[in-house]
Amino acid sequence: MPGRNMQAHPWHVLGTGSIGGLFCARLATAGSAATVLLRNAGAREAWHAAGGLLVEHADGHRQQIEAPVRIPGDGGPLPRHLLVATKAPDTLAALAPWLPGDGEGQLVLLLQNGMGTSEQVRARWPRVRLWNAVTTAGAWRETPFHLHCVADGETRAGRWDDAGNADLDAAVEHAAAAGLWQCSDDIRVHLWRKLAINAVINGLTAIHRCRNGELLEIAAAQAQLAPLAREVEAVAAADDVVFDEPVLALAERVIHLTAANYSSMNRDVAAGRRTEIDFINGYVVERAHAHGIAVPANGAVLAAVHALA
Ligand code: KPL
């Protein structure tokens, strides 16, 4: 009975962007009374004024979600299971009000672009049970509380390390049984594969202000694809992660599949928002330094995107 098991382990969702909203919808479908954690009273008013979240699925079916909402300082019990879908740079600040101690008795599942937030969360909350998820689902936001899901994709979830209370994992396993994700023993490989794609594509599309497909047409961008891919492969290998296909081939396949799209980083730069570059090429550079590997192409993309901000 996935529905009853899901109700026994209620989730709290932090971050109501396109992916956070989509997983609120999936939790609702699975029979979980997920609670949405919002930033402040203004966001709560906007949520109620919109009547909650509207998700339009690829098959045309519309789902209205009127989940309960909480804001920091409301005095309720501590959330035990948090699904975090904020932008990577916002993670610690978004989590802080909900994890006032060392994380004991709480589980955090990070579902985000980029890497580096797991290490940050672990350093700040040594007793939290920490999971990651990686998804290929695609969604976009028409308004803050109106989403369109364009691809169901595949989602994998895996434990980051062994710290924390293993009993909390039941919530992740019940969600897997309800079809939200597949549990994986090698989540780092999935995280690195997504990171590799984003490290090759996203920064370049922001720098050249182009669609993903145009990376193959703009000579200066095209020339950077292979060096970026080679560097990511070398750093991942030093972190004991081996890809089942060359990163350049992987990235080029995604470029073809998403040729007409603007990457998330291109959109962030166009809208004047903070980017996730520090958690994408920045993470590659950080791990490269730790291993003494030179990564000039990733360093150049990191610096160029910082200069755009
Ligand atoms: O994940 C993406 C992103 O934009 O963040 C890709 C796969 C590059 C699609 O645009």
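Read the numbers this way: they start at 1 and go in the same order the structure lists the ligands and their atoms.
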Close-contact set for ligand 1 against V254 heavy atoms, below 4.0 Å | 7 (C)
Could an N or O of ligand 1 be found under 3.5 Å from any N or O of [X], whether backbone or side chain?
{"X": "N202", "answer": "yes"}
{"X": "N198", "answer": "yes"}
{"X": "S264", "answer": "yes"}

Would you confirm whether the ring centroid of H291 sits within less than 6.0 angstrom of the ring centroid of H289?
-> no
Decide, yes or no, whether a salt bridge links D268 with K87 under the criterion of side-chain N to carboxylate O below 4.0 Å.
-> yes
Short N-O contact, R274 and D90, less than 4.0 angstrom = yes
Filtering N212, I201, T205 for the heavy atom nearest atom 10 (O) of ligand 1 leaves N212
At a 4.0 Å cut-off, with the gap strictly under it, does some heavy atom of N113 reach an atom of ligand 1?
-> yes
Is the backbone N or O of V172 less than 3.5 Å from a side-chain atom of W131, with the two atoms forming a donor-acceptor pair by type?
-> no
Within 45° of the six-membered ring axis of W11 and under 6.0 Å from that ring's centre, is NZ or CZ of R80 located there?
-> no
